[in-house]
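Right, one structure below, let's go through it.
The first residue in the sequence is number 1, and the count goes up from there. Side chains included, hydrogens not; waters and symmetry mates left out as well; all remaining heavy atoms used.
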Amino acid sequence: MLMAVARKPRASGGRLTNREMVSVSRVGLGAAFALIASVVMMELLCGAQARHIGVLTAAPVLAAAFVSWRQVLAVGAVSTTVATLVALPNGADNEKLVASFVNIIFIVLGTAVAAVLGVYRQRQAERFIELSKLASAAQGAVLRPLGPQLGQLSIAARYISASAAADIGGDLYEAVDTPYGVRMIIGDVRGKGLDAVRLASIVLGSYRHVAYERADLRAVVADLDKAVARNVGDEDFVTAALVEERGGTLTIVNCGHPPPLLLRRGEVIELTPPAPAPPLGFMPVVRPRVERLEPGDRLLFYTDGLAEARRDGEFFPTAGRAWRLLGHGTVADGLASLESALVEWVRGRLDDDIALVLMEYAGAHDATDPVPRWEIGGASSPALT
């Protein structure tokens, strides 16, 4: 069984890997030296009729956009040397000699300016890398790896970041094995950046506590709603779906979140709630949806980044392609296929982060596992506090 890890692949506009950065540097150096070679060729072809060495000033400036300041100085040194060698045959012509000398001075000055730009660009790149590391650390502290097995459920999770500046956002998920069964939450905080991560951490921290304490999922929702309301403004909220699996009975309560998909024997069923409820922060009153699971059933939970992913105005057909993408291999294999298809669909350009959780039910060891009465609407449902 594969370990389920919150992986953050780079969408279009994301940070470059080390190998890609080396490749870009090579391209920059290649372009700079190609420019130098072109100037030399023009000088050889034009002979004494034209002087083009002033164009060599552009070589270190071009390199500064791609390479370190040390490499910029190296390009500038080569440009200056080439310009000097080209100018030597004009030693007897004072006018041409003065013009060549002025051009060489401009090359030296251009190299100095380009080196300064290179230092600034390198510092910005280092700050960007540090920010990305801090953001990834913050995200990792909020989202813990899931699974690979909880009770009778195999679980895999994936986090796909659309952020170019840092892999950080407000999507959240957690799964725990409690005395009331396996419980899972998936949610999406309105907004981006550190404020969204802060609220996501508050929701997850509260959930990790109350999921073990409350027998009724509706009571869990009430507690989470209070936690959100205490920490957000009037227009902030968190959409969420809460799930409980106990003895093969699946219970879902939905607070303004995209409904999960049930994959069963080649069919895809959207598990819409019996009645709509607002997100956490707006005092949702939820009605649970109860399903009896069959061995081999798979459940896909996702945030609205997937529901809103589109290309040329056409949304990604999640339900239409779910079985082909998610119905094979392990649950981790299924999510990998979904991610690949999604990135291809949007041509690598995502507008929002996406959290994905895929579960597979193996079947209960004991079919007589008790089902909490509140799940089936029993009269003894505990009061919400």
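- Residues meeting the side chain to side chain contact (heavy atoms under 4.5 Å, CB included) test with Q124, sequence neighbours left out: Y120, R127.
- No side-chain heavy atom of I202 sits under 4.5 Å from any side-chain heavy atom of V228.
- In this structure, the side-chain hydrogen bond (donor to acceptor under 3.5 Å, both in side chains) partners of D352, at least two apart in sequence or on a different chain, are K192.
- Residues D223 and R218 are not paired through a salt bridge, judged by the lack of any N-O separation under 4.0 Å between the basic side chain and the carboxylate.
- Using the six-membered ring where Trp is involved, F282 and F237 have ring planes that are tilted, between 30° and 60° apart.
- Through side-chain heavy atoms spaced under 4.5 Å, either directly or across other Ile, Leu, Val, Met, Phe, Trp or Tyr residues, V285 is tied to no other residue.
- By the side-chain hydrogen bond (donor to acceptor under 3.5 Å, both in side chains) test, R190 is found to be paired with D236, residues two or more places apart in sequence or in another chain being considered.
- With values rounded to the nearest 0.5 angstrom, E270 atom CD is found 11.5 Å from L262 atom CG.
- In this structure, the side chains of N103 and T57 stay at 4.5 Å or more apart for every pair of heavy atoms.
- Checking V203, L204, I186 one by one against E174, the side-chain contact (heavy atoms from CB on, under 4.5 Å) holds for a single residue, L204.
- Heavy atoms from other residues, nucleotides or ligands lying under 6.0 Å from CD of E308 number more than 12.
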**OP:** Check step by step if side chain to side chain donor-acceptor pair (under 3.5 Å) holds for S154 and Q149.
**Re:** CA-CA 5 Å; S154 300; Q149 190 83 24; 3.1 Å; yes
**OP:** Carefully, step by step, assess L299 and L263 under the rule side chain to side chain contact (heavy atoms under 4.5 Å, CB included).
**Re:** CA-CA 6 Å; L299 294 150; L263 285 71; over 6 Å; no
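- Atom OH of Y207 is separated from atom CZ of R183 by 6.5 Å, given to the nearest 0.5 angstrom.
- By the 4.5 Å heavy-atom criterion applied to side chains, W69 and L117 are not counted as neighbours.
- Side-chain contact, D171 with T303: a donor N or O sits under 3.5 Å from an acceptor N or O.
- By the side-chain hydrogen bond (donor to acceptor under 3.5 Å, both in side chains) test, R230 pairs with no residue at all, sequence neighbours left out.
- Between R214 and D216 no salt bridge is recorded (no basic side-chain N to carboxylate O distance below 4.0 Å).
- Counting heavy-atom neighbours within 6.0 Å of R311 CZ, excluding the residue itself, gives a total above 12.
- Around atom CG of D351, no more than 12 heavy atoms belonging to other residues, nucleotides or ligands sit under 6.0 Å away.
- Residue F106 places its CZ atom among 12 or fewer non-hydrogen atoms of other residues, nucleotides or ligands, all under 6.0 Å distant.
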**OP:** Would you please test R289 and T251 for side chain to side chain donor-acceptor pair (under 3.5 Å) and show each step?
**Re:** CA-CA 6 Å; R289 172 162 182 163; T251 305; over 6 Å; no
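- With sequence neighbours left out, E267 forms a side-chain hydrogen bond (donor to acceptor under 3.5 Å, both in side chains) with no residue at all.
- Between the OH atom of Y361 and the CD atom of E245 there is a distance of 5.5 Å, given to the nearest 0.5 Å.
- Each of L271, T272, L242 was scored for a side-chain contact (heavy atoms from CB on, under 4.5 Å) with I252, with one residue passing: L271.
- Pairing each heavy atom of L350 with each of V346, the nearest pair is CD2-CG2, 3.7 Å.
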